[in-house]
Amino acid sequence: MKLLYTTSKLGIGGRMYQPKRVLQEPGTAVPEKIRSISGANKRRHSSDSESEPEGESSCSEEEKKEEKQEIEKLSSTNVNCAGKPEEDTKKPVVSQQAAPAVSSKPSCKPAVFVPVDRSPEIQEARLKLPILAEEQVIMEAINENPIVVICGETGSGKTTQVPQFLYEAGYTSSNGIIGITEPRRVAAVSMSQRVAKEMNLSHRVVSYQIRYEGNVTDETQIKFMTDGVLLKEVQKDFLLLKYKVIIIDEAHERSMYTDILIGLLSRIVPLREKKGLPLKLIIMSATLRVEDFTENTRLFAVTPPVLQVDARQFPVTVHFNKKTPLDDYSGECFRKVCKIHRMLPSGGILVFLTGQAEVHSLCRRLRKAFPFQKNSTAGDDDDRKESVEEMRKFKKSRRRRKAATLPQINLDNYAVVPVDEGDEDRDAETDDDIAGSDVDLDLGDGDSEEEEKSDSSLPLYVLPLYSLLAPEKQAKVFRPPPPGTRLCVVATNVAETSLTIPGIKYVVDCGKVKKRFYDKITGVSSFRVTWISQASANQRAGRAGRTEPGHCYRLYSSAVFMDFEKFSAPEITKRPVEDLILQMKALNIEKVINFPFPTPPPAEALAAAEELLIALGALKEPPMTGRLKEQQAAKLSCPISPLGRVMATFPVAPRYAKMLALSRQHDCLPYTITIVSAMTVRELFEEFDRPAASEEETVKLKGKKGRLVQMQRIWAGQGSLQKLGDLMVMLGAVGACEYSGCTPKFCEENGLRYKAMLEIRRLRGQLTTAVNSVCTDAGLYVDPKMKPPTEAQATYLRQIVLAGLGDHLARRVQAEELLDDKWKNAYKTALLDDPVFIHPSSVLFKQLPDFVVYQEIVETTKLYMKDRVSWQLPAVEVDYPEGIDRYKYFARFLLEGKVIEKLGSYSQCLLSSPLIMLKTWSKLQPRTEFLLQALVAENCDNRDALLAAWKKNPKYLLAAYCQWIPEVMQEDIAKQWPPVAL
DNA sequence: GAGCACTGC
């Protein structure tokens, strides 16, 4: 325990640290800062690191070979060999004290102190951060351990300060970089800007890199980036040699890339140690739930030490409801906000709901209850200010009277309450931070009728907030509300982590969240509203204590809260993982199942991913020989194919990467790039079906909706372009938008989401670059005046799309198969027994083509297919049936002209549709039987067999075929029979 | 004839 509390001076220049003890007095029971140093890695690697010069590595061929072997070991079963002998890891903690390693063996710790010239204001602000008092402890732990976990909640300053500690301790001298990963782009950008400012350094030194942009230079020493960026870098340089330190921030969020990075780094760190170029790994988490990292011996053979730092947060009093509303949590939110607004002192309110529609309808209700007449220039009106302020004062006095009496007549305040509820009431009293407040902040959870009445004397400034909301509308929540009003933000989960709203004092938490679920077998996704986790609830509550002490009203009982899961499941366990698996295979990790995941994905998900990648040709097919068991084993460890390597370089889902890889032909690349970009970016079109804020808005929304539908019909094109279905709509929309300069005005007028269009533009740019670097002679560029594809190209594009979505083919259920009404207008897919449908928003909704290819199936009221391409003809990829059906299909293709090109010219004149070959009642037409018998007689179920039969007998099939042709044409056909050159 | 939270390359 004590080891890391040593006050010994560190060899980093003249800098002195305050002894820890002083800071932690007065002798209260200081919480353990170091939760676990058992087995902290005490084996010094001095011999390696001292003898070899730092920063220089001559990479001989042998070393490269060794590296490759080590990398391959990642996929071997022997994951425990992280390069440390067993006995060392078991050394008791005491023995470490006996060997004060810090002074005797400096190991990889840089002995430098780099001065930083901070402004006095910054310096002052920094000193208020609790983490600053921990600098010495943190740096000692980092110096002595290759891997350290730091826990500290939001407000601890760990993200901004730890990189500075490392910089000052010389970790960036000798050309090393400190890399920090963030799960979100905004965080990477804003953190880099803040740290640059705090350190008084240029953006050339403290930089960021996100998907489409960055300001990294040769001088960069501290680099903030998104986790995906670092994962891509591992692909180029497995050992991440330019980094001296990697910090994984927000590891508790358990984003997919973060998890993979931690798994990879657990192997990279010992590899770097071995090379004499040690890399430090720092995992930062907001919660103390880090066992998945620390107690996972597959991940880290030696348990890394865990440091805990305090956060500077204001206290938040949590109030539970006594009753948990069964389903109307939205209504309960309304009532709670009304009470807060009427009875409690000023301060912003933040409400958590689950979706756009809910957000808008609550906004509408609240605005109705507390109208706020905004003038043309909302809120900046000084004339009004006074009167509003006066009104407010008046209201305040009235409210006080009310507040003093209301809680006492709360009918829900029974004398007999369950124990915990009683406690909650006490919490509210004792924790009440507003001295002299005369209001009971525990509002109870009763209904009361009067709240529905409109009260314009108490203006509430109500704003919606969700991710898909236009940025300028989102930005409103960051500005102070108009004078005399109270801010009330009704938000989805964005407000939980991604966006922090200033001035929030009250949080209303419905306890629910809308999540996407995937069926592991069928891949069908659905959205469900579930209870949040305890960690989530606490995160939401924390949003009330950013600027002053706050209150959180949970619309569920504490008993229900106790039943919540402690933490939500890591993303990697809940999602299809084909993209990850491809990335890993590209790193030569073949036995993915043995990868040291902090939490592994379910076996079904791994198998499904592997299967899809094999089908796409990204992995080499497993051998079909040998024992079943071996075959099964081989199936889960297929090596990557050359195609797979190309696909892995494209930063999109493997399905789309396959489409790109195929599009060299017929100048389709620019179109495929655009289609893939549009399919990757979510929600191209504005949502107009939501509840409106007012009657006039309802009318406005309707108008916009109509305009969009009209435009979509235009974008859908004509002829074979139309068969590209919804993808043509996307292509047309993007094309039109770019043609007009991609202006916010154009988007606004045509129902396009401006943000989505920008993202598509940037993704097109990135994919174009990626394709150009694979096909060096492609010479592609992003053309803002891209013409629509030609008819022929549109047909190729359909095939290209099908190549990526081959398993997403749905067949229209024919009238004669209509056994049940539920199959009306339905489609059948390979994997699902249930009918699936074309979504009413599709341009193909009324068209009902025989075959469609879909992007995904989402289950709502029915199973709906999203973003379809139409197929009038069955695709060749369809499994060829066995038995008599083989001949039926072959007959059909033959008649359609798919087998023999020349017969195609007659396909329009046929007396019956080739499709009837497949009908159950086909026998009713003699010509079907006749043709079928002729084919069966010669075993003709493929083109080669047909050609062979013609060689034997040139008049073969003529009679049977003529039955399908009008008499006038029969003579002509007979002359040219057989319709091929033999 | 509809109703999708959030995020990264």
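Given the structure is predicted, the values throughout are model-derived calculations rather than measurements.
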Exercise for the section: Indicate whether OP1 or OP2 belonging to B:dG3 is found under 4.0 Å from a side-chain N or O atom of A:His360. Expected result: no
Exercise for the section: Would you classify A:Val513 as touching base, sugar-phosphate or nothing, given that sugar-phosphate means primed atoms plus P, OP1 and OP2, and contacts are heavy atoms under 4.0 Å? Expected result: nothing
Problem - Spacing between A:Glu213 atom CD and B:dC9 atom C1', to the nearest angstrom - result: 14 Å
Problem - From B:dG8, B:dC4, B:dA5, nucleotide with atom closest to A:Glu683 side chain - result: B:dC4
Practice task
Report the distance from atom CG of A:Leu582 to atom P of B:dC9, rounded to the nearest whole Å.
Solution key: 17 Å
Handout entry: CD (A:Glu253) with more than 12 external heavy atoms under 6.0 Å
Key = yes
Exercise for the section: Give A:Glu182 one of three labels, base, sugar-phosphate or nothing, depending on what nucleic acid heavy atoms sit under 4.0 Å from its own. Expected result: nothing
Exercise for the section: Report which part of the nucleic acid A:Phe650 touches: base, sugar-phosphate, or nothing (heavy-atom distance under 4.0 Å, all strands). Expected result: nothing
Practice task
Look at the side chain of A:Asp689 and decide which nucleotide, out of B:dC9, B:dC6, B:dA2, has an atom nearest to it.
Solution key: B:dA2
Completion exercise
Between CG of A:Asp867 and P of B:dC4 the distance, given in whole Å, is 15 Å
Exercise for the section: May I ask you to evaluate whether A:Ser841 reaches the phosphate of B:dA2, defined as a side-chain N or O under 4.0 Å from OP1 or OP2? Expected result: no
Problem - For atom NZ of A:Lys705 and atom P of B:dG3, their distance in whole Å - result: 11 Å
Fill in the blank from the handout: Closest to the side chain of A:Thr861, out of B:dG3, B:dG8, B:dC4, is B:dG3
Fill in the blank from the handout: Rounded to whole Å, CD1 of A:Ile260 lies from C1' of B:dC9 at a distance of 13 Å
Handout entry: Short side-chain N/O contact to B:dC4 OP1/OP2 from A:Ser525, under 4.0 Å
Key = no
Exercise for the section: Using the six-membered ring wherever Trp is involved, compare the ring planes of A:Tyr854 and A:His808 and label them parallel, tilted or perpendicular (cut-offs 30° and 60°). Expected result: parallel
Exercise for the section: Mind checking A:Ser498 for me? I need base, sugar-phosphate or nothing, with any heavy atom below 4.0 Å counting as a touch. Expected result: sugar-phosphate
Handout entry: For A:Val359 against A:Val490, the heavy-atom pair lying closest together
Key = CG1-O, 3.3 Å
Problem - Nearest listed nucleotide, side chain of A:Gln766, among B:dC6, B:dG8, B:dC9 - result: B:dC9
Completion exercise
Rounded to whole Å, the CZ-P distance (A:Phe517 to B:dC6) equals 16 Å
Fill in the blank from the handout: Side-chain atoms of A:Phe527 come closest, of B:dT7, B:dC9, B:dC4, to B:dC4
Exercise for the section: Tell me what A:Arg690 touches on the nucleic acid: a base, only sugar-phosphate, or nothing, going by heavy atoms under 4.0 Å. Expected result: nothing
Exercise for the section: Considering just the side-chain nitrogens and oxygens of A:Lys232, establish if one lies under 4.0 Å of OP1 or OP2 belonging to B:dC9. Expected result: no
Exercise for the section: Report the relative orientation of the aromatic rings in A:Phe561 and A:Tyr556; use parallel for angles under 30°, tilted for 30 to 60°, perpendicular for over 60°. Expected result: parallel
Exercise for the section: Check whether any side-chain heavy atom of A:Val709 sits under 4.5 Å from a side-chain heavy atom of A:Phe685, and report yes or no. Expected result: no
Handout entry: OP1 or OP2 of B:dC6 under 4.0 Å from side-chain N/O of A:Thr492
Key = yes
Problem - Pair A:Glu571, A:Tyr257: side-chain N/O donor-acceptor within cut-off below 3.5 Å - result: no
Handout entry: Side-chain donor-acceptor contact under 3.5 Å, A:Thr674 with A:Arg764
Key = yes
Practice task
Would you classify A:Thr226 as touching base, sugar-phosphate or nothing, given that sugar-phosphate means primed atoms plus P, OP1 and OP2, and contacts are heavy atoms under 4.0 Å?
Solution key: sugar-phosphate
Practice task
For A:Lys512, answer base if it contacts any base atom (sugar-phosphate contacts may also be present), sugar-phosphate if it contacts only those atoms, and nothing otherwise; contact means non-hydrogen atoms under 4.0 Å.
Solution key: nothing
Practice task
Would you indicate what A:Lys574 reaches in the nucleic acid, counting non-hydrogen atoms under 4.0 angstrom: base, sugar-phosphate, or nothing?
Solution key: nothing
Exercise for the section: Report which part of the nucleic acid A:Thr860 touches: base, sugar-phosphate, or nothing (heavy-atom distance under 4.0 Å, all strands). Expected result: sugar-phosphate
Practice task
Mind checking A:Glu687 for me? I need base, sugar-phosphate or nothing, with any heavy atom below 4.0 Å counting as a touch.
Solution key: nothing
Fill in the blank from the handout: Heavy-atom nearest nucleotide on DNA chain B taken for A:Asp579 and for A:His839; more 5' hit belongs to A:His839
Exercise for the section: Looking at every strand, decide which applies to A:Tyr466 at a 4.0 Å heavy-atom threshold: base, sugar-phosphate, or nothing. Expected result: sugar-phosphate
Fill in the blank from the handout: Sorted by position of nearest nucleotide on DNA chain B, 5' first, the leading residue of A:Gln583 and A:Lys846 is A:Lys846
Problem - Rounded distance (Å) that lies between atom P of B:dG8 and atom OH of A:Tyr656 - result: 18 Å
Handout entry: Per A:Arg575 side chain, nearest of listed nucleotides B:dA5, B:dT7, B:dG3
Key = B:dT7
Problem - Test item: side-chain donor near acceptor, A:Ser870 and A:Gln722, under 3.5 Å - result: no
Practice task
State whether A:Arg185 places a side-chain N or O below 4.0 Å from either non-bridging phosphate oxygen (OP1 or OP2) of B:dC9.
Solution key: yes
Fill in the blank from the handout: When rounded to whole Å, the CD1 to C1' distance for the pair A:Ile838 and B:dA2 reads 14 Å
Practice task
Taking only the side-chain heavy atoms of A:Arg211 (C-beta and beyond), determine which of B:dC6, B:dG8, B:dC9 contains the nearest atom.
Solution key: B:dC9
